[in-house]
Amino acid sequence: MSLWNHLVCRPSLIKMHFKCRNAEIPYLNSTIKRLLVPDEKVNWSSEWSSYQATDYTDPSTNGKPWADNDDLSAMRFNALDGAVNRKSHQVDYAFDVNGRPLNPMGRTGLSGRGILGRWGPNHAADPIVSRFKDGRLQFVAIKRKDTGEWAIPGGMVDPGEQVSATLKREFGEEALGGKAAQMEKVWGNGKQIYAGYVDDPRNTDNAWMETVVVNFHDSDGIMNDVKLEAGDDAASVRWVFVDANESLYASHQEFINLLKKAHCI
Ligand code: BGC
C-alpha cells in the first residue's frame, strides 16, 4: 500500500500536510503569511464558504524559463503538456472556479503559485544512497542552502527529463561536487520506495511538490572509495545514520521511515 493510500485511509497521518500550513512564519523569501487552516478544514470537502486564502505568486519567478505564466487556458493539465509533465503521481486533480489546479491534499492557506514554477504538480526526484556501516543503516544527506535543513540530495525533474536521469544528476551535482565517477554500479541497483505528494513548505492551494524516491543501496562497499563533496544547492554533505532521528526537510523523514522498512529495520 502506498503512503498516499495510508493518508487517505488514516487521517491521523495528516501531518504529511503540515509543513505547508505553517501560518506562524512568513512564506519563503517574502513577508506574506498563510491564512491559518485548522485540521478539520484542510479537506476541500469540508464546508468553509468564506475561505479566502492569501494570494501570492513570487514576482521573481515571472518570466523564468522554468516557470509557467498566468494563461492557464493554454495549459494541458492532468497530462503531459509538451515536455512538461502536469500529471500527478496519484490523482486526477480538480480545479477551482478560476481554472487553477486544486492541491489534492486540501487547503494550505495560500493560493497562487508561491515560489513554485508550475501550476499543479511540480516534479522532483530523490535518490537515497544507503549502506550499512558497523551494522547500522546510513544514507547520504545534504544541508539545503534555502532552509538550512538536512535533506535527501534531490531536485527538480527538468522538462523532458527521465526521472532516472534526474536522480543521478542531482546526486552528482549536490553530493559529489559534479564528479560522478565510480557510481555506475550503485546506479544499477535502484528500488523505488515512494511516488507521490510531498509536504513541502513551498506548497500552495494551486501548486505543490511531488517526488519519486529511489533507494540505491551499496552492498559492495563501492561508496567507501567515493569522496562526498557538496555542490550546487547543497552547503554541506555527509552520511547520516537512520537511527539518529535527525530532523529533515519536508517529508524526508517519512521517506527514511520507508527506507528503514525496506531494510527490515
Ligand atoms: C528537493 C527534493 C524534495 C522536493 C519536495 C525538491 O526541491 O530537492 O529533495 O523532495 O523538493 O520537497
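Both counts, for ligands and for their atoms, begin at 1 and track the order of listing. Source: prediction; values computed, not measured.
- In terms of protein heavy-atom proximity, atom 6 (C) of ligand 1 is nearest to Arg202 NH2, 3.4 Å.
- Between Ser60 and Asp58, the side chains place a donor N or O and an acceptor N or O closer than 3.5 Å (distance only, hydrogens not considered).
- Met105 and Tyr93 end up in the same hydrophobic cluster when Ile, Leu, Val, Met, Phe, Trp and Tyr side chains are linked at under 4.5 Å.
- No heavy atom of Ala151 sits closer than 4.0 Å to any atom of ligand 1.
- In the hydrophobic clustering of this structure, Tyr51 does not group with Ile32; members are Ile, Leu, Val, Met, Phe, Trp, Tyr whose side-chain heavy atoms approach within less than 4.5 Å, directly or through other members.
- Within the 4.0 Å heavy-atom criterion, neither part of Glu210 lies near ligand 1.
- Atoms of ligand 1 lying under 4.0 Å from any heavy atom of Gly155, numbered from 1 in the order shown and given with element: 8 (O).
- For the pair Arg144 and Trp150, the cation-pi criterion (under 6.0 Å, within 45° of the ring axis) is not fulfilled.
- Hydrophobic clustering (side-chain heavy atoms under 4.5 Å, transitive across Ile, Leu, Val, Met, Phe, Trp, Tyr) keeps Val163 apart from Leu80.
- Of the protein's non-hydrogen atoms, Asp200 OD2, 3.3 Å is the one closest to atom 5 (C) of ligand 1.
- For atom 3 (C) of ligand 1, the closest non-hydrogen atom of the protein is His252 NE2, 3.3 Å.
- Asn215 and Ser130 are linked by a side-chain donor-acceptor pair at a separation below 3.5 angstrom, with hydrogens and angles left out of the test.
- In this structure, Glu170 has no heavy atom closer than 4.0 Å to ligand 1.
- For Ile152, every heavy-atom contact with ligand 1 shorter than 4.0 Å involves the backbone, none the side chain.
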